2 protein chains.
Amino acid sequence: MAAWVRFVAVLELLPGVLDSQLRRDSGVTHFEYFVMAVLSETPGGAMRMTELAGATNATPSRLSHVVARLEERGYVERSPCPENGRATNARLTEGGRAKMRAAAPGHTAAVRRHVIDVLSPEQVTQLAAISDAILGSVAPAGPMAEGYRRYDGPAGESS
Amino acid sequence: MAAWVRFVAVLELLPGVLDSQLRRDSGVTHFEYFVMAVLSETPGGAMRMTELAGATNATPSRLSHVVARLEERGYVERSPCPENGRATNARLTEGGRAKMRAAAPGHTAAVRRHVIDVLSPEQVTQLAAISDAILGSVAPAGPMAEGYRRYDGPAGESS
DNA sequence: CCGCGACAGTTGAAGCGACAACTTGATTCA
DNA sequence: TGAATCAAGTTGTCGCTTCAACTGTCGCGG
């Protein structure tokens, strides 16, 4: 029970801290940053909306709103998929890539300072296993099933 | 960084799952439930707003809005503090207590199903320690007291 | 006694996310 | 072929959180 109360506090506070840092320093939310980070790591530079929604653990609706805002600011471009008339491809623009380059150092520093650096290497490993276990019970019941699994294999370079 | 990506997914998905369960089964949000839970555990049954904000990791503004909604629904009552004219005491009503009794079983079951039961006892202990460490860097003045700050500026080294 | 700053809490506007309804393109099958 | 069905996204609305500004109170120095 004590563990749960502390964990709830983390769930409540940490997103706000990360959001604040990115918004203050770079004018983007953490989720916007994460969306652009995922896009910046795709080989082709473009990704279909549903796939992007799965990779970012977002509902299609949320992703649509966010990408619309990012497009308005010139960080992302949307274009209808040639092969699939109902699909849409999202692609990071050069401006979006520049925004990422500018925002990444501050964000990674914040993540390290608030999470990674305060944990021992074993605790980081433990956190990965714990997160995995929780995701296993939460993701199937959540809005996005199986989406997080695309991060199972390789160790990504995001954030 | 693989650990971080998984943890971000948990931060993104878990609150939504808990919120959904409580909202669907009991018509309250997770934060509303948490506020009432803290109130229900106070010896006197009442608590100052600032103290309650600290205990629930919320900003004064957020707590004010939430308590106003809870008061409208008859779950909480506010009364000016006799000793301190500028302070306000929040107290759980009998209706609020009944709401808690009705909502608690489903919520604790959800917490167990999605978090506690999928972790080993050692992992629960590890999660408590990890949460504690993160809280230490995220809420420098401590979440149970005032002095809660959202972001205290860049202090780390950029890589 | 009065003014000034800090404290406790509230309020209103703006932004973001959830939910549901909708549009449009693909698929299935008789 | 053509209607029923499903999939991919989008949109509109509503509720919650945040931010800044505000009201009222306490404490203190002059």
Side-chain angles (χ1 to χ4, degrees), chain A residues 11-13 15-24 27-35 46-54 56-73 76 78-90 141-145 147, chain B residues 11-24 27-35 46-54 56-73 76 78-90 145-151:
Chain A
L11 290 176
E12 201 69 60
L13 292 174
V17 169
L18 297 176
D19 234 54
S20 265
Q21 183 273 320
L22 274 172
R23 199 181 296 243
R24 250 174 215 286
V28 291
T29 67
H30 178 246
F31 184 69
E32 287 170 347
Y33 177 92
F34 195 66
V35 167
M47 205 183 234
R48 285 179 44 217
M49 292 294 281
T50 298
E51 194 181 1
L52 187 55
T56 56
N57 307 297
T59 61
S61 171
R62 181 184 186 184
L63 184 67
S64 186
H65 283 293
V66 166
V67 170
R69 291 195 291 267
L70 289 175
E71 191 172 29
E72 257 178 29
R73 288 190 265 168
V76 168
R78 273 185 294 191
S79 55
C81 178
E83 311 168 343
N84 217 335
R86 57 186 165 176
T88 303
N89 282 327
M144 285 310 309
Chain B
L11 290 176
E12 200 70 59
L13 294 175
L14 187 52
V17 169
L18 297 176
D19 234 54
S20 278
Q21 183 274 321
L22 273 172
R23 190 172 265 292
R24 172 168 41 83
V28 289
T29 67
H30 178 246
F31 183 68
E32 288 170 346
Y33 177 92
F34 195 66
V35 167
M47 208 182 223
R48 273 176 179 67
M49 292 294 282
T50 299
E51 193 183 0
L52 188 55
T56 56
N57 308 296
T59 61
S61 172
R62 182 185 186 187
L63 184 67
S64 186
H65 282 294
V66 167
V67 169
R69 291 195 293 267
L70 290 176
E71 192 173 29
E72 251 178 36
R73 289 191 264 168
V76 168
R78 273 185 293 192
S79 54
C81 178
E83 305 173 346
N84 210 333
R86 55 188 164 177
T88 303
N89 283 327
E146 32 75 56
Y148 156 60
R149 285 191 295 175
R150 301 197 50 75
Y151 180 63

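Please read these numbers as outputs of a predicted model, since none were measured by experiment. Numbers restart at 1 for each chain; the letters A, B, ... are given by sequence-line order, proteins then strands. Note that these values count all heavy atoms, side chains included, but never hydrogens, waters or copies made by symmetry.
Put simply, NE2 on B/His30 is 16 Å from P on C/dA18, counting in whole angstrom units. Atom CZ in B/Arg24 sits about 19 Å away from atom C1' in D/dG15, given to the nearest Å. To the nearest angstrom, C1' of C/dG17 lies 17 Å from CG of B/Leu18. The CD-P distance, from B/Glu51 to C/dA8, rounds to 12 Å in whole Å. We find that CG of A/Leu52 is positioned 14 Å from P of D/dA8, with the value rounded to whole Å. Taking atom CD of residue A/Glu12 and atom P of nucleotide D/dT18, one finds them 8 Å apart after rounding to whole Å. Going from atom CD of A/Gln21 over to atom C1' of D/dT18 covers 18 Å, rounded to whole Å. Atom CE in B/Met47 sits roughly 16 Å away from atom C1' in C/dA8 (whole-Å rounding).
For the pair A/Asn89 (side chain) and A/Cys81 (backbone), a donor-acceptor distance under 3.5 Å is absent. With B/Ser20 contributing its side chain and B/Gly16 its backbone, the two residues share a donor-acceptor pair below 3.5 Å. In this structure, the side chain of B/Ser64 does not engage the main chain of B/Pro60 through any donor-acceptor pair within 3.5 Å.
The distance from the CG atom of B/Leu18 to the OG1 atom of B/Thr29 is 11.5 Å, given to the nearest 0.5 Å. With rounding to the nearest 0.5 angstrom, the CG atom of A/Leu63 is 4.5 Å from the CG atom of A/Leu52.
Closest of all the heavy-atom pairs between B/Val28 and B/Tyr33 is CG2-CB, 4.5 Å. Summarising the geometry of A/Ala90 relative to A/Met49, their closest heavy-atom pair is CB-SD, 4.1 Å, with the distance given to 0.1 Å.
A 4.5 Å side-chain heavy-atom check between A/Phe31 and A/Arg62 finds at least one atom pair inside the cut-off. Side-chain atoms of A/Arg69 and A/Val66, non-hydrogen and from C-beta on, do get closer than 4.5 Å to each other.
Set against C/dC16, D/dT17, D/dC19, the side chain of B/Phe31 has D/dT17 as its closest nucleotide.
Remark: B/Arg48 is not in phosphate contact with C/dA8, judged by side-chain N or O atoms under 4.0 Å from OP1 or OP2. Side-chain nitrogen and oxygen atoms of B/Arg69 include none within less than 4.0 Å of the OP1 or OP2 phosphate oxygen of D/dG15.
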Close N/O contacts between protein and nucleotides 22-26 of chain D (under 3.5 Å):
residue	atom	partner	partner atom	Å
D/dT25	O2	B/Arg86	NH1	3.4
D/dC26	OP1	B/Gly85	N	2.7

Distances for protein N/O vs nucleotides 10-14 of chain D N/O pairs under 3.5 angstrom?
residue	atom	partner	partner atom	Å
D/dT10	OP1	A/Arg78	NH1	2.8
D/dT10	OP2	A/Ser64	OG	2.9
D/dT10	OP2	A/Arg78	NH1	3.4
D/dT10	O5'	A/Ser64	OG	3.4
D/dT11	O4	A/Ser61	OG	3.1
D/dG12	O6	A/His65	NE2	3.1

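Where B/Arg23 and A/Arg23 each meet DNA chain C at their nearest nucleotide, the meeting point lying more 5' is that of A/Arg23.
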